[in-house]
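Quick note: numbers below take in every heavy atom, side chains included, and nothing from hydrogens, waters or symmetry partners. Note that ligands are numbered from 1 as they come in the structure, with each ligand's atoms numbered from 1 the same way.
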Amino acid sequence: MEGMTLSSDDSTLGPEQAAQLAARLDDVLARLDAAAEGTGRDSREITLLLATKTRRPAEIALAVQLLRERGRTVAVGENRAQEIAKHSDPLLADNEVPRHFIGRLQTNKARDVVAFAEMIHSVDREGIADALERRAEMAGLSREVLVQVNTSGEESKGGFAPTLEALAPIVERLRASDVLRPAGLMTIGANTTDAAAVRESLHLLRSLRDEVRERLGAEELVELSMGMSGDLEIAVEEGATIVRLGSAIFGARPA
Ligand SMILES: *Cc1c(COP(=O)(O)O)cnc(C)c1O
């Protein structure tokens, strides 16, 4: 998938594709609403972030439009620096949707990411905070950031260890910045069909946010970015403020 090229009919979406996207999107909203209702939450307060990797501008634009028509809070989240350019497409450039970056960060892409995203979910090591800060200062921009936490212990996943001791220094370092503002925590839940293990990892993120807030007096840490297509109900039940949705709305990604 890396480096895939987009086909030449990028700007069009057939009526059948559009209808399929709308049907998937309404299924997702029904799942979200049921989960929210079960825990007494208002699902309209949850930001639905469209994970846009590999998707064409026409698909993204339609999903944004449909979510807005349905009164939802929407953002787009790119996770590939090399796909940032597609968000300048005329179909997307002026839609005023908050843009986030959710992917693994490389220091040599920090400038592009800072220019693109008002919230960066994936601060997974000290060095990347330094690079983002430098680029934000140079560009005269301020950016919200989330600290990524490895709540599952899976080695393939980035992020800080899920302990107060590991999180306190990076949170304090971000709070001391004039241009970066820590807004919460992000995780990618355990990659398993074992719902109990998924719940454990998402519950851990919430506990950590509460603990960091309390112990550091960091009231500004409100966001919990967690939950994807497969685990959105658990995420909503565990307090997610931002769920990141790809395949459930756009269909399976091309392999
Ligand atoms: C792709 C992606 C998602 C969405 O994944 P789906 O399972 O397709 O919903 C969420 N978060 C991140 C960081 C991603 O890269």
Assess whether a salt bridge exists between [X] and [Y], defined as any Lys/Arg side-chain N lying under 4.0 Å from an Asp/Glu carboxylate O.
X	Y	result
E59	R56	yes
R70	D26	yes
D130	R173	yes
E237	R199	yes

Can you tell me which residue and heavy atom of the protein come closest to [atom], and the distance to 0.1 Å?
atom	value
atom 9 (O) of ligand 1	S229 OG, 2.4 Å
atom 5 (O) of ligand 1	M228 CE, 3.6 Å
atom 8 (O) of ligand 1	S247 N, 2.7 Å
atom 13 (C) of ligand 1	I102 O, 3.5 Å
atom 2 (C) of ligand 1	K53 NZ, 2.4 Å

request  = Quick one: list whatever passes salt bridge (Lys or Arg N to Asp or Glu O under 4.0 Å) with E126, sequence neighbours left out.
outcome  =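 Checked E126 against salt bridge (Lys or Arg N to Asp or Glu O under 4.0 Å); zero matches.
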Side chain, backbone, both or neither: A51 near ligand 1, heavy atoms under 4.0 Å =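 The answer is the side chain.
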E133 (side chain) donor-acceptor with L180 (main chain) under 3.5 angstrom =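 A pair under 3.5 Å: no.
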Could you tell me, atom by atom, which parts of ligand 1 come under 4.0 Å of a heavy atom of [X]?
X	answer
L245	9 (O)
N79	14 (C), 15 (O)
R244	4 (C), 9 (O), 10 (C), 11 (N), 12 (C), 13 (C)

request  = Would you list the pairs meeting ring-ring contact (aromatic ring centres under 6.0 Å, His included) in which at least one residue belongs to residues 38-88, sequence neighbours left out?
outcome  =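 Passing the test, one end in residues 38-88: H87-F116.
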message = Would H121 count as a contact residue for ligand 1, given that I'm defining contact as a non-hydrogen atom of the residue lying under 4.0 Å from a ligand atom?
response =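 Checking ligand 1 against H121, which is what was asked, there is no heavy-atom contact under 4.0 Å.
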